[in-house]
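Take a look at the structure set out below.
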Amino acid sequence: METKSETVDTIRRPVRGAQAPPVTDSQPTQTTSITQVTAPPSAVVYCEGNFAQIDGKSANGLVRHSEAYRIISVIDSTFSGQDSGSVLDDAINHIPIFSDLNAAVAHQAVIPDTLIYGMAPSTGRLSPADRGVVLKAIELGVNIVSGLHEYLSDDLEIATAASERNVTIRDIRKPKPSKDMRLFDGSVGGVKALLIAVLGTDCAIGKRTTATVLARALNEKGIKTVLVGTGQTGLMQGAKYGIAMDAVPPQFCCGELEGAIVAASEAEQPDVILIEGQGALSHPAFCTSAFILRGSQPDAVILQHAPKRAHRCDFPNMPMPTPASEIALIEAFADTKVIGVTLNHEGMSEAEITDTIAEQTHKLGLPVTDALARPAAHLLAMVVAAYPGLTQRPSMAAT
């Protein structure tokens, strides 16, 4: 288990500081022909009362996909005893849900490496009850990962407890010093990869999930693709490049994102770079979509929309925009084009998904699909139809 953290921050891997997953010393002590693969640290995801809900989006994302951590269980007494995959996607994933930390720890032969705070409350802060869970985990010698705006490593009680138990606190949203941040300089214009941003009509609507599914589909097709993360969950999942946009001072947002994209381009030489969206361009409570469009200068945009969502998340008096109005705003704001729409099927029956796809395809004149309820091939086809000249290589999955 990791007992200390590094303090240097950078965009390109190996990522350190606030954005870095726990690492171990991998320096070999002698020359050998055997390559040792270190398993990712095990993690319990804390999501009390919010799993499979909007504010549980970090936990939801982690049980669907995680490269940085091996997710072994979820804590939410609402669904205690159930399989998290069955609750979330009606598909068993063998990641159980427990009522509390004691039950989750007792289920394992050894103490888990990490407790991940898997919620994204609108306050961005830790509740008194949650604080007790964090302190209990530290007492057990478990590392802490948090995506809150409130930095747990700056909390005297929590930081002192962590120091006494020699465990690590990783604050995903804690940015590097502003003196080390970069300003936008236009270098993203020299990136040869196709740049596609996955934006949405609201926050917590599935942009990251759609981007993750699309990245996997493109890579399996032999179209080398890198996903640049822009939020805490993507970084928790192990995004190789990215920043927590909403934790960066506005002056540096565009430059920091540009730097991540340029780093991905230079190091990976991909055919496609996907940029995870945040918030919505039309949403008055968020400015991140504007920075993403400015900083990434995307060639194209895929728009995520939840047809059954009546109002903006956490804003009951703010009606949702239509896909058509959001598309018009995006294309007026930036020199880009929306090439397709993807659905978040919350509250929708299978028949409603089918009907909405047909209706919106006709109304918008664009391909429409659902990244989770429909085959990933439909999402792949959306991109290939817009860019048939994409370089295709033999699928790594087939070799």
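A salt bridge (charged side-chain N to carboxylate O under 4.0 Å, His left out) check over residues 203-214, counting only residues at least two apart or in different chains, returns nothing. Under the salt bridge (charged side-chain N to carboxylate O under 4.0 Å, His left out) criterion, no residue pair touches residues 274-299, with sequence neighbours excluded. Here side-chain hydrogen bond (donor to acceptor under 3.5 Å, both in side chains) pairs that include residues 93-105, with residues two or more places apart or in two chains, are Ser84-Asn93. Screening residues 319-339 for side-chain hydrogen bond (donor to acceptor under 3.5 Å, both in side chains) gives Ser282-Glu326, Thr322-Ser325 as the qualifying pairs, with residues at least two apart or on separate chains. Identified under the salt bridge (charged side-chain N to carboxylate O under 4.0 Å, His left out) test for residues 357-370, with sequence neighbours left out: Glu359-Lys363. Sorted by first then second residue, the salt bridge (charged side-chain N to carboxylate O under 4.0 Å, His left out) pairs that include residues 88-99, not counting sequence neighbours, are Arg64-Asp89.
Remark: Glu350 engages Arg374 in a salt bridge, criterion side-chain N to carboxylate O under 4.0 Å. Arg182 and Glu256 are not joined by a salt bridge, as no carboxylate oxygen comes within less than 4.0 angstrom of a charged side-chain nitrogen. With respect to the salt-bridge test (charged N to carboxylate O, under 4.0 angstrom), the residues Asp154 and Lys174 qualify.
Side-chain atoms of Ser296 come within 3.5 Å of backbone N or O of Ile292 as a donor-acceptor pair.
Tyr151 and Ile116 sit in two unconnected hydrophobic clusters of ILVMFWY residues. Membership requires side-chain heavy atoms under 4.5 Å apart, directly or through other members. Under the 4.5 Å side-chain contact rule for hydrophobic residues, Phe333 and Phe286 do not share a cluster. Hydrophobic clustering keeps Val44 apart from Phe98 (ILVMFWY residues linked when any side-chain heavy atoms are closer than 4.5 Å, directly or through intermediates).
Every residue two or more places apart in sequence or in another chain was checked for a side-chain hydrogen bond (donor to acceptor under 3.5 Å, both in side chains) with Arg70, and none qualifies. Scanning for side chain to side chain contact (heavy atoms under 4.5 Å, CB included) contacts around Ser86 gives Asp83, Ile92, with sequence neighbours left out. Legend: residues meeting side-chain hydrogen bond (donor to acceptor under 3.5 Å, both in side chains) with Lys308, ordered by chain and number and at least two apart, are Glu352.
Residues Glu268 and Tyr241 bring a donor and an acceptor atom of their side chains to less than 3.5 Å of each other. Under the 3.5 Å distance criterion, with hydrogens and angles disregarded, no donor-acceptor pair is assigned to the side chains of Asn143 and Thr114. Side chains of Thr201 and His305: a donor on one and an acceptor on the other come within 3.5 Å. A donor-acceptor contact closer than 3.5 angstrom is absent between the side chains of Ser66 and Gln237. Side-chain polar atoms of Asp246 and Thr288 form no donor-acceptor pair below 3.5 angstrom.
Contact record, Gly279 with Ser289: C-OG, 3.7 Å, taken as the closest heavy-atom pair.
For the side-chain hydrogen bond (donor to acceptor under 3.5 Å, both in side chains) criterion with Gln304, the lone passing option out of Thr210, Thr209, Asn344 is Thr210.
With rounding to the nearest 0.5 Å, the separation of CG in Leu214 from OG1 in Thr225 is 7.0 Å. The distance from atom CD1 of Ile243 to atom CD1 of Ile172, rounded to the nearest 0.5 Å, is 13.5 Å.
By the 4.5 Å side-chain criterion applied to Ile, Leu, Val, Met, Phe, Trp and Tyr, Ile205 is assigned to a cluster that also includes Met320. In this structure, Phe315 shares a hydrophobic cluster with Met318, the cluster being traced through Ile, Leu, Val, Met, Phe, Trp and Tyr side chains under 4.5 angstrom apart.
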Please list, one pair per line, the donor and acceptor atoms closer than 3.5 Å that link side chains of residues 45-56 to other protein atoms, with sequence neighbours excluded.
from: Tyr46; atom 1: OH; to: Asp130; atom 2: OD1; distance (Å): 2.7
from: Glu48; atom 1: OE1; to: Ser77; atom 2: N; distance (Å): 2.9
from: Glu48; atom 1: OE1; to: Ser77; atom 2: OG; distance (Å): 3.3
from: Glu48; atom 1: OE2; to: Ser77; atom 2: OG; distance (Å): 2.6
from: Asn50; atom 1: ND2; to: Glu48; atom 2: O; distance (Å): 3.2

